[in-house]
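Read the numbers this way: they start at 1 and go in the same order the structure lists the ligands and their atoms.
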Amino acid sequence: MKYILVVGDGMADVALKALGGKTPLQTAEHPNMNLIASKGSAGLVKNVPSECNPGTEVAFLSIFGHDPRKVNTGRGPLEAAGIGVKLGADDLALRCNFVTVTGEDSGVLLDHSAGHISSDESRCLLEAVKEHYENSGSIEFYPGVSYRHLLVLRGGKYSEKIVTSPPHDFLNTPIEGLLVKASAKEGQATADMLNKMILGSKEFLANHPVNRARVKSGKNPGNMIWPWGQGRRPSIKTLQETTGLRGAAISAVDIVNGIGRYVGLDIVKVPGATGYFDTNYEGKADYALKTLEDHDFVLVHVEAPDEASHAGDAGLKVKTIEDMDRRLLGPLLKGLKEEEDYTIMVMADHVTQTSDGAHSRNPVPYAIYSTKQKKSRSRGGGEAVQFDEVFLQKSTADTVEGKDILGRFLKQGE
Ligand SMILES: [Zn+2]
């Protein structure tokens, strides 16, 4: 049995004015998602427990069968694994964005992604950051994809007792109120040190040639660093340990690859996978099929719907869902031969509201189809199921807990 898990990041949404009161999933044409739901089973799954932050890391820990309340130590260490940076038990890791700030003094946070700055430009800016801050021996910066980088504070002298602000949740907000705060006395020195770096970075980044060129061509500059999502190394059981399956992950984003590494998946890089709407959908399908030749399980993650939501672009989000359906799921289903047993699940990780860019804890759609299921108990006429929040809300009696969805997925293939 081969297992394929396809996740559209932040694909679930709310009714949007821009779409005449419909959600992007209701608006988009996605015949392949509907086919999986109609031939198999579908419903809603709550990947984010009520007491957790509705981030990708929390949702994915649930999807892999873990309780994020127990295993999640923060986003930074998961990103570190995604980039391939080893952490000691004492080290503190933080995700570090380049963001765009405008206005006088510390300014207002305009863009969490510095205009989706290219990796080349972003690495150039990170070199300047390294030059300024990496002199103490315990502070290290590592480049990731586009605006996403990593900050590692080595050794036991830094405290995780701090509160940081995920920048995508605080657009158009004055920086002043978003700076790092101590959550306990021992966090104060670490908070002060980080704030000094954040505010100091504006001074040398604003006039960096890369940023001057970006401003000149009408693009948002990466004129401030923004560390957040701090944490120490977690301890997480692998997929092989919990299910016996040998798996791989295909994703353009470090956070998903990082969780993939923690759960023991091989990381498969696809050329042209960007984490944005211009990603290589066909390439992902192609590589997923190849990966299944020597793996039992493959995760295919598409970041584009989430980014379209954060850009506030409902039309673009609809397009990313349609592209995912036609250009990724289409060739994937075609390539999976019916005579070879497989089970496929398509789902969102969390809701991202295009109306305001916020993530929410609300349940999200999932659909599972297995060749096994068809052979053992056919659903007769195969009633037409729409793969969207509204249809599934009306038609499903119960919502699955996130940490139980992997079990449900694997059971369909038995
Ligand atoms: Zn996500």
Side-chain angles (χ1 to χ4, degrees), residues 5-14 23-25 33 44-49 52-66 68 71-72 74-79 81-82 95 97 112-113 116 144-148 165-171 228-229 231 249-263 265 267 273-277 279 281 284 299-313 316-317 320-321 323-324 328 345-366 389 402-403 405-406:
L5 169 58
V6 180
V7 181
D9 205 289
M11 183 163 68
D13 211 314
V14 291
T23 71
L25 270 173
M33 294 179 196
L44 295 175
V45 54
K46 187 170 166 58
N47 291 325
V48 183
C52 292
N53 173 57
T56 297
E57 72 282 18
V58 168
F60 266 91
L61 288 169
S62 293
I63 291 170
F64 281 110
H66 298 287
V71 298
N72 189 25
R75 184 164 175 139
L78 301 169
E79 300 257 2
R95 162 72 174 276
N97 287 34
H112 71 287
S113 72
H116 286 279
V145 178
S146 179
Y147 60 91
R148 311 169 187 94
S165 307
H168 51 269
D169 285 343
F170 295 98
L171 299 180
W228 58 284
I250 293 176
S251 170
V253 302
D254 291 321
I255 182 69
V256 175
N257 286 330
I259 293 170
R261 283 218 169 92
Y262 270 110
V263 299
L265 304 184
I267 306 302
T274 58
Y276 206 29
F277 67 88
T279 198
Y281 293 97
K284 286 195 176 186
L299 161 70
V300 187
H301 168 254
V302 178
E303 173 75 356
D306 186 66
E307 293 292 348
S309 322
H310 288 302
D313 192 335
L316 183 62
K317 184 159 181 180
T320 62
I321 294 168
D323 280 342
M324 206 178 131
L328 193 159
M345 174 159 74
V346 58
M347 69 191 301
D349 54 347
H350 51 74
V351 173
T352 308
Q353 301 170 175
T354 305
S355 46
D356 59 3
H359 291 191
S360 95
R361 296 179 185 82
N362 286 342
V364 297
Y366 76 89
E389 306 85 344
K403 64 181 169 50
I405 194 70
L406 182 75

Peer 1: With a 4.5 Å limit on heavy-atom distance, are the side chains of M347 and I63 in contact?
Peer 2: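 Yes, close enough: below the 4.5 Å cut-off.
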Peer 1: In D349, which N, O or S atom comes closest to the Zn ion (ligand 1)?
Peer 2: OD2
Peer 1: Say whether H350 and S360, considering side chains only, have a donor N or O and an acceptor N or O under 3.5 Å apart.
Peer 2: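 No - no donor-acceptor pair under 3.5 Å links their side chains.
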Peer 1: Look at T352 and state whether any of its N, O or S atoms is less than 2.8 Å from the Zn ion (ligand 1).
Peer 2: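 It does not: T352 brings no N, O or S atom closer than 2.8 Å to the Zn ion (ligand 1).
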Peer 1: For the Zn ion (ligand 1), find the closest N/O/S atom belonging to D9 and write down its atom name.
Peer 2: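 Looking only at N, O and S atoms of D9, the one nearest the Zn ion (ligand 1) is named OD1.
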Peer 1: Below 2.8 Å, any N, O or S contact between H359 and the Zn ion (ligand 1)?
Peer 2: no
Peer 1: So, applying side-chain contact (heavy atoms from CB on, under 4.5 Å) with L328, which one of V6, T279, V346, D323 is it?
Peer 2: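 So, applying the side-chain contact (heavy atoms from CB on, under 4.5 Å) to L328 and each of V6, T279, V346, D323, only V6 qualifies.
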Peer 1: Ring centres under 6.0 Å, that's the criterion: do H112 and Y147 meet it?
Peer 2: yes
Peer 1: Answer yes or no for E303: is there an N/O/S atom below the 2.8 Å cut-off from the Zn ion (ligand 1)?
Peer 2: no
Peer 1: Salt-bridge test for D254 and R148: reply yes if a basic N is under 4.0 Å from a carboxylate O, no otherwise.
Peer 2: no
Peer 1: Where the Zn ion (ligand 1) is the corner point, what angle links NE2 of H350 with OG1 of T56, to 10°?
Peer 2: 110°
